[in-house]
There are 2 protein chains.
Amino acid sequence: MAVIDRKKLILEAAAKSFSLFGYKATTMDQVAKLANVGKGTIYTFFKTKEELFDDIINSLIADIRFEVESVLDETSTILDNVNNVLVRIHAFRESHQLTIKLIQEERDMGTQTVVEAMQRVEQSIIQYMKGIIQKAIDKGEIKDCDPEVTAFVMLKMYFSLVIDWQRNHPPLKKEEIAKLFELYLLKGLLA
Amino acid sequence: MAVIDRKKLILEAAAKSFSLFGYKATTMDQVAKLANVGKGTIYTFFKTKEELFDDIINSLIADIRFEVESVLDETSTILDNVNNVLVRIHAFRESHQLTIKLIQEERDMGTQTVVEAMQRVEQSIIQYMKGIIQKAIDKGEIKDCDPEVTAFVMLKMYFSLVIDWQRNHPPLKKEEIAKLFELYLLKGLLA
DNA sequence: AAACTGACTAAAAAACTAATTTGGTCATTT
DNA sequence: AAATGACCAAATTAGTTTTTTAGTCAGTTT
């Protein structure tokens, strides 16, 4: 169509700016410039800067879910599924500037809006994982356990291995991380 | 002896102040007052405020190690040992104002000295755990694995369950945490 | 004279103020 | 009717002054 979809332009510009500079350092003037749009136009689509940001976070959550969905295979074993999801998420994270930038801003500046947003991302992932885990329990693939605690522990372990380990050691390769998941969480340490 | 042990007085006063107010908010004047000692006297024992603080952190590390040592039993199974250590550490943490205050200061203010100190505490615990885990491997109690990664994962899982889980849920009881450790790390999720 | 002290200083932090930036509005233009 | 950008109040930042604090050292005490 000849009519320009300004909302889309704005969302793209904002996503780019948030990825590049983070939440705080992104100004509405800048987004307007980047989107080739008057500042007022942004406010016909989004009530506040935070609402614009939240919209982009929702896309992020949807994207992550889509990535995971595209790799999950109901007929595979849980072990393969976990492995595949880990690899996919790993690739996603590396490619996705926005997540990296926001994690940074959360850590370094503690911007309230960003902290809350990441909290929401985490909660969404956990809720989604919960369903997957419940299915695995029903299928009898894994032991009976609280799906939410299990999702929580999995996610935390993943972040620990990917992010925290790097503080004092060379980073673990994605195959190593998958192996460790298998050993610690699925098979267990007991000989 | 009739002669007052000023070094001890200073260490006690400093420990108290650090526990009560944290690192930044503790002044050397305050420590001197609390210890009933001239400020200069502190500097005959400790070159800087940081050195004084590090000394106290070393005691903390030693205390933790002592607590763990007192509960470890070479003849017990790893399962029981893990369980006992968890319970002991839990009690220690709750009773030890200093750790609580410092974790708070690290999180809320990011005081560099405190971040580094807690880093050191964590590293010490991991190094210590490493030895215990290696023994368990040698005894054939647990599978062959990298003791350092294992120690790291255990510690992170513990903190996740104790600290992070509380953000969005009622806290887990210490028996629950022990059970979860058993399920996830030792026995594994696979049915 | 050896141990200890607290007034002193330079440097860091906090409080305050001025100047700038920015989120959001709305009268005007397209 | 949709879009705009000059405008404004509120928030941030930069710059300055004041206060606090780590560390020293001349002098006091034992």
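Note that these values count all heavy atoms, side chains included, but never hydrogens, waters or copies made by symmetry. Labels below follow one simple rule: chain letters A, B, ... track the order of the sequence lines, proteins then strands, and each chain is numbered from 1. Fair warning: this is a prediction, and the values are worked out from it, not measured in the lab.
- Within 6.0 Å of NZ in A:Lys139 there are more than 12 heavy atoms belonging to other residues, nucleotides or ligands.
- Taking the ring centroids of A:Tyr23 and A:Phe53, they lie under the 6.0 Å cut-off.
- A close approach under 4.0 Å does occur between a side-chain nitrogen or oxygen of A:Lys24 and OP1 or OP2 of D:dT13.
- Looking at heavy-atom distances under 4.0 Å, B:Lys39 makes contact with a base.
- Atom-to-atom, CE of A:Met28 to C1' of D:dA6 comes out at 17 Å; the value is rounded to the nearest Å.
- Along DNA chain C, the nucleotide nearest to A:Thr27 and the one nearest to B:Arg6 differ in position, and the one closer to the 5' end is contacted by B:Arg6.
- Atom NZ of A:Lys135 has 12 or fewer heavy atoms from other residues, nucleotides or ligands within 6.0 Å.
- Both A:Thr44 and A:Asp29 lie close to DNA chain D; mapped to their nearest nucleotides by heavy-atom distance, the more 5′-ward contact belongs to A:Thr44.
- For B:Thr41, the listed nucleotide lying nearest its side chain is C:dT5; candidates were D:dG23, C:dT5, C:dG24.
- Taking atom NZ of A:Lys7 as the reference point, atom P of D:dA2 lies 14 Å away to the nearest angstrom.
- A salt bridge is defined here as a Lys NZ or Arg NE, NH1 or NH2 lying under 4.0 Å from an Asp or Glu carboxylate O, and B:Lys156 with B:Glu122 meets this definition.
- Of the two residues contacting DNA chain D, namely B:Gly40 and A:Val37, the nearest-nucleotide position lying further toward the 5' end is that of A:Val37.
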